[in-house]
Amino acid sequence: MTQTTTSTGTAGRPAAKDLVADGNLSGAQGKTTIADQVVSKIAGIATREVSGVYALGGTAARTVGMIRDRIPGSKTNLSQGVTVEVGETQAAIDLQIIVEYGVSIVDLATAIRRNVIGAVERMTGLEVTEVNIAVSDIHLEGEDDTTDTEPEPAERRVQ
């Protein structure tokens, strides 16, 4: 059972906090729609904030992302590895992540769900019905570390 409080802002209108406090995005004064991309970015940022997440997306998406990041003036794709389905009052989120080696995946998944659900519900007023997490790889220290120097040529075995 939800409890509704009424308070008024200026000119007898409901205070801004009351317009979204119950998650209702439609009211007498209009309707608010939230694009899938907005929810996707919020979920991507909230996932990256959790310690133990190395990256989002699978190998192909990360490769494309690394190429994109090297282009001057390009922006990082914050919704990489995130798929969402947004309805009028609810959202479902699917994440594909790369985990740091040594991190408990069960604890990490719990922390990601808590952070993503909190951020999406707080910022959008949508109810998050589920957060599905697919762990596609484990990052080992030293992997994917690139240097700007050319590797030394291997010693020739034949002449």
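Only a predicted model underlies this, so the values are computations on that prediction, with no experimental measurement involved. By convention here, the first residue in the shown sequence is residue 1.
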Mind listing the side-chain donor-acceptor pairs of residues 32-40 below 3.5 Å, one per line with the distance, residues two or more places apart or on another chain?
none

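- Note that CD1 of Ile138 and CG of Leu140 are 7.5 Å apart. Values are rounded to the nearest 0.5 Å.
- Taking CD from Glu100 and CG from Leu108, the interatomic distance works out to 10.0 Å, rounded to the nearest 0.5 Å.
- Side chain of Glu127 to backbone of Gln90: no donor-acceptor contact under 3.5 angstrom is found.
- Interatomic distance, CD1 of Ile97 versus OH of Tyr54, reported as 13.5 Å (0.5 Å rounding).
- Atom-to-atom distance recorded for Ser136:OG and Leu56:CG is 9.0 Å, nearest 0.5 angstrom.
- Between Gly52 and Val103, the closest heavy-atom pair is CA-CG2, 3.9 Å.
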Just distance, no hydrogens or angles: give the donor-acceptor pairs under 3.5 Å from side chains in residues 109-119, sequence neighbours left out.
residue	atom	partner	partner atom	Å
Thr110	OG1	Val106	O	3.1
Arg113	NE	Val131	O	2.8
Arg113	NH2	Val131	O	3.4
Asn115	ND2	Ala46	O	2.6
Asn115	ND2	Glu49	OE1	3.1

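- In this structure the side chain of Val86 reaches within 4.5 angstrom of the side chain of Leu126, judged on heavy atoms.
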Requested in this report: List the steps and the verdict of side-chain contact (heavy atoms from CB on, under 4.5 Å) for Val82 and Asp94.
Outcome: CA-CA 6 Å; Val82 182; Asp94 296 325; over 6 Å; no

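- Residues that satisfy the side chain to side chain donor-acceptor pair (under 3.5 Å) test with Glu130, not counting sequence neighbours, are Asn132.
- Rounded to the nearest 0.5 angstrom, Ile42 CD1 and Thr47 OG1 are separated by 11.5 Å.
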